[in-house]
2 protein chains.
Amino acid sequence: MNDLKKDIQPVSTATMADMVESRLREYLKRKSFVPGDALPKEQELADALGVSRNVVREALSRLRMLGMIDTRKKRGMILAQPDILGSLERVLDPLILGKNTLQDIFELRLVLEMGLADLIYLRKTPADIAQLETIVAQEVNKQQKPFRVEHEIAFHGKLYQMTGNDTYMRFQKMLLPVFEYVLDYEIKTNGQAEVGKVTHHDLVETLKTGNAEDFRKGMKEHLKPHFDRLKA
Amino acid sequence: MNDLKKDIQPVSTATMADMVESRLREYLKRKSFVPGDALPKEQELADALGVSRNVVREALSRLRMLGMIDTRKKRGMILAQPDILGSLERVLDPLILGKNTLQDIFELRLVLEMGLADLIYLRKTPADIAQLETIVAQEVNKQQKPFRVEHEIAFHGKLYQMTGNDTYMRFQKMLLPVFEYVLDYEIKTNGQAEVGKVTHHDLVETLKTGNAEDFRKGMKEHLKPHFDRLKA
DNA sequence: ATAATTCCTTTTGTACTACATATTGATCGG
DNA sequence: CCGATCAATATGTAGTACAAAAGGAATTAT
């Protein structure tokens, strides 16, 4: 199905820039360049590849966007360490993604949320718990719609942060808009979602007294309305 | 820390292509383009932005790489649905990522693995179980090193597939090389890792008789050696 | 002699032109 | 009325030219 497309399309529609991009990738890998190493100049690459400098620049522009290379005016280009999530960020717009992908991401976030218990228990500190309690305390007062979302983000965001895993935290943050978007859509079609039986407050209590297993169970209950909506 | 960098760097080092890329993104969002809509021609964009067509093409080249736009020879460019993971794929190379990021991804995969139980129980079929049993049966014979990795991939890969979530599955597959890479590194420095008490065979049994909660516990035990290696 | 300044060289960034190529749509012929 | 050929058009590629910045070399001053 899709495999055929991936085999045939590149042959027919591959442009020079595409090929040069791929060649450069291969070149960097084969030469075992490490971050900081200098790359040949644009003109040299163009000559070596037998294309115009224009094409080379289009390919380099892509690698530059991904953070794979850094270029400075006279010093030439150097290999850099790309920010993996930086590239994702650019594409993760609910408005341009397909419905299936959005649904997949929605589920992915549930999976992530369910799996973070062990990391949290590995690294949580009393200070973290205290902050969570502050967040929960502020929730009690304001239950209006705009604030509820804010508190959801504050609470769950703090949980990600407690994992001590920066990539994980940023990843979750990026997924948030998609989550909200799908949620809004679901609510519009299926009516208001009820809230889970286990509250944020309960989860914090579990963090203080229970173990990772308990926390996972609590989180499952907390997210139950979302899970119930999933189609088998 | 990094926030400052993100605010200051763009001002100082932003090239025209960077700005045009950002402008185009904003433009697409503001005009609420939907996939299939036609974009203005390159020359028109260049004129409107006050830059050369060259710069516009560098920016478009980036969007094209991300799959955000499709272009055909005369028909112009049309907005497309980007493949979110496609962009990740290009950057997820263990050799060029930093050590911290690699460690983060290693942990991320453990998190994902721990969180997939509910999706599996929502969607598993008898056929899936049968396939898993076949995979496990083949494991028994060959325990040599190259085969073990293959079976690991086959087994866990099948689990992802059972979630019915294509994005999730591809994501996991992409994370695999990083996982292996970090694992190899750990083994080299800390010696061979022992294997978890719960085997693949046990997990399949749980899938047949137990519930999602049991499966999560089993998976935790199965991955215990990895979790034990994590630093608090 | 050492340090600071100035100038020159080099490489990227941008602009412009020209033309090839493919696709669309229209015109022309059967 | 349908099919084929041909022209128009937008992207793809090449090539030239020059501006700007950054590093290094040479020169001057203390």
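All chains are named by letter (A, B, ...) in the order of the sequence lines, taking the proteins before the strands, and each is independently numbered beginning at 1. Note that the coordinates shown come from a computational prediction; the quantities given were computed from them, not determined experimentally.
For B:K124, the salt bridge (charged side-chain N to carboxylate O under 4.0 Å, His left out) test picks out no residue, with sequence neighbours left out. For B:E42, the salt bridge (charged side-chain N to carboxylate O under 4.0 Å, His left out) partners are B:R53, B:R57, not counting sequence neighbours. A search for salt bridge (charged side-chain N to carboxylate O under 4.0 Å, His left out) contacts involving B:R72 returns nothing, not counting sequence neighbours. Not counting sequence neighbours, the partners of A:K224 by the salt bridge (charged side-chain N to carboxylate O under 4.0 Å, His left out) test are A:D228.
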Exercise. In the 5'-to-3' direction, what one-character label does each nucleotide of nucleotides 4-17 of chain C receive under the scheme B = base within less than 4.0 Å of a protein heavy atom, S = sugar-phosphate only, - = no such atom?
Worked result: -----BBBBBBBB-

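If you take CG of B:L45 and C1' of D:dT11, they are 13 Å apart, rounded to a whole angstrom.
Listed by first and then second residue, the ring-ring contact (aromatic ring centres under 6.0 Å, His included) pairs involving residues 18-55 of chain A are A:Y27-A:F33 (not counting sequence neighbours).
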